[in-house]
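In what follows, a single structure is set out as structure tokens and then discussed.
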Amino acid sequence: MLRLISFLLILLAPSQVIAHAPYYSQIEQLQQIEGESFTIKLLHGDGIITTDPVRAIVVDSKSRIRAISPLGVRLHINCGRLEEAHDCVVYDSVSSLIYEVAPSAWAIGPVVEKEEKPLLTAYPEGMGLDFGFLVRPATFSEIVRFESAKIRKFPLVALWSLIWWTVTALFFTPIVWRIFVTKGDFRSWSASIIVWDILRLLCAAGCLFLAIVIWAWESYSLYYAAFFAAAGLSLALLITRPRRDATA
């Protein structure tokens with residue numbers, strides 16, 4: 001909604017669009033390497049009216065870039081309880097990829113920040129090629145662990161997702177139960193029931209279409225969406241389950 005408002009303001013603005021400055025969204029301390037301290041950070045650029053592009057970067061104690069991950073839109077740094085020598089990895093929840101720090105492939109790049117804030121010219125979309133990270137597909141256990149971590153970290157987003165998919169499912173689960181109760185005998189359905197069911201299906205289709213548009217506008221994890229779609233469907237089936245006296 002906020003991005004839609006921003007888009008409308010851009011259309012109405014008489015002057016050119018001014019991009020916002022790059023910014024960090026997550027900062028984690030890496031284990032020391034040969035006595036030197038490094039931090040891994042998520043550096044965001046400006047997507048104007050779409051999701052801000054982001055890269056994970058490794059910065060040394062002199063504010064220089066030592067590694068740059070591939071460009072993404074949904075990156076998350078996950079640290080701890082890992083077997084690798086360096087205790088943080090980056091999870092790309094859209095492509096389900098893992099970016100592991102690889103110190104042997106690091107280089108000494110330019111200064112990227114001042115007073116722990118990115119320079120105004122440090123846009124991730126303009127950094128060119130990535131280096132210093134090993135890229136591999138995430139295992140199923142990693143996907144479950146990292147997606148669960150997102151739910152714990154952003155409970156309000158998770159609650160909204162559950163509500164959205166539950167409401168979407170509530171439009172058509174009564175039809176599912178009616179088919180089950182009548183054993184598929186559509187001849188017992190009245191004309192008014194059929195009309196209401198058509199309206200229900202149209203509303204459900206509208207919600208699904210809107211979800212697809214939102215995903216295309218601001219991509220997110222399909223695993224995340226599938227989990228809440230299944231949870232919402234289960235909850236809707238429970239809510240609309242016919243009473244025993246109604247099916248007797």
Side-chain angles (χ1 to χ4, degrees), residues 1-8 47 49-52 72-76 78 91-98 136-248:
M1 181 60 70
L2 291 177
R3 294 191 180 279
L4 180 58
I5 294 174
S6 300
F7 176 66
L8 294 176
I49 59 173
T50 59
T51 307
D52 291 337
V73 292
R74 298 291 181 201
L75 302 186
H76 310 272
N78 295 272
Y91 172 57
D92 187 329
S93 61
V94 175
S95 59
S96 299
L97 294 175
I98 295 292
R136 63 172 176 82
T139 64
F140 181 74
S141 62
E142 286 175 327
I143 292 173
V144 171
R145 176 155 40 107
F146 297 153
E147 295 293 344
S148 299
K150 285 165 52 182
I151 294 174
R152 294 192 300 269
K153 186 174 181 180
F154 305 106
L156 292 180
V157 175
L159 178 61
W160 168 249
S161 299
L162 180 60
I163 292 173
W164 174 268
W165 288 109
T166 300
V167 170
T168 300
L170 282 172
F171 284 119
F172 64 84
T173 50
I175 304 174
V176 175
W177 281 120
R178 189 176 301 114
I179 294 174
F180 175 77
V181 170
T182 62
K183 298 180 180 179
D185 185 6
F186 298 101
R187 294 173 299 179
S188 62
W189 295 19
S190 66
S192 61
I193 288 178
I194 293 175
V195 170
W196 275 111
D197 287 347
I198 292 174
L199 292 176
R200 286 176 180 272
L201 291 175
L202 289 175
C203 290
C207 289
L208 290 174
F209 175 76
L210 186 56
I212 293 172
V213 170
I214 293 173
W215 182 87
W217 189 266
E218 293 197 26
S219 300
Y220 51 87
S221 169
L222 291 179
Y223 291 100
Y224 187 92
F227 170 78
F228 281 104
L233 176 60
S234 300
L235 185 57
L237 286 171
L238 183 62
I239 293 172
T240 58
R241 182 178 182 179
R243 296 176 300 176
R244 289 189 177 182
D245 57 350
T247 59

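Owing to the predicted nature of the structure, the values given are computational and were not obtained by experimental measurement.
- Trp177 pairs by the side-chain hydrogen bond (donor to acceptor under 3.5 Å, both in side chains) definition with Thr240, not counting sequence neighbours.
- A search for side chain to side chain contact (heavy atoms under 4.5 Å, CB included) contacts involving Leu162 returns Thr166, Phe228, Ala231, not counting sequence neighbours.
- Every residue two or more places apart in sequence or in another chain that forms a side-chain hydrogen bond (donor to acceptor under 3.5 Å, both in side chains) with Ser221 is listed here: Glu147.
- Listed by first then second residue, pairs satisfying salt bridge (Lys or Arg N to Asp or Glu O under 4.0 Å) with a partner in residues 224-238 number zero, not counting sequence neighbours.
- Applying the side chain to side chain contact (heavy atoms under 4.5 Å, CB included) test to Ala138 and every residue at least two apart in sequence or in another chain returns Tyr91, Ile98, Glu142, Ile143.
- Annotation: side chain to side chain contact (heavy atoms under 4.5 Å, CB included) contacts of Val94 (sequence neighbours excluded): Val73, Arg74, Asp92, Ser219.
- The side-chain hydrogen bond (donor to acceptor under 3.5 Å, both in side chains) search around Ser148 returns none, not counting sequence neighbours.
- Note that CZ of Phe146 and OG of Ser93 are 11.5 Å apart. Values are rounded to the nearest 0.5 Å.
- Annotation: side chain of Tyr224 is in contact with side chain of Ser161 (closest heavy-atom distance under 4.5 Å).
- By the side chain to side chain contact (heavy atoms under 4.5 Å, CB included) test, Ala149 is found to be paired with Asn78, Arg152, residues two or more places apart in sequence or in another chain being considered.
- Contact check for Val157 versus Tyr220: no side-chain heavy atoms found under the 4.5 Å cut-off.
- Residues in residues 153-163 take part in no salt bridge (Lys or Arg N to Asp or Glu O under 4.0 Å) pair, two or more places apart or across chains.
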Report task. Start with the C-alpha distance between Trp165 and Leu235, add both sets of side-chain angles, then the distance that settles side chain to side chain contact (heavy atoms under 4.5 Å, CB included), and finish with yes or no. Result -> CA-CA 9 Å; Trp165 288 109; Leu235 185 57; over 6 Å; no
Please output the side-chain donor-acceptor pairs of residues 204-212 that fall under 3.5 Å, not counting sequence neighbours, one pair per line with the distance.
none

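- Listed by first and then second residue, the salt bridge (Lys or Arg N to Asp or Glu O under 4.0 Å) pairs that reach into residues 161-170 come to none, sequence neighbours excluded.
- Distance check, rounded to the nearest 0.5 Å: CG of Leu238 to CG of Leu233 gives 11.0 Å.
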If you look only at distance, which donor and acceptor atoms sit under 3.5 Å apart when one is on a side chain in residues 195-203 and the other is two or more places apart or in another chain?
residue: Asp197; atom: OD1; partner: Arg178; partner atom: NH1; Å: 2.9
residue: Asp197; atom: OD2; partner: Arg178; partner atom: NH1; Å: 2.6

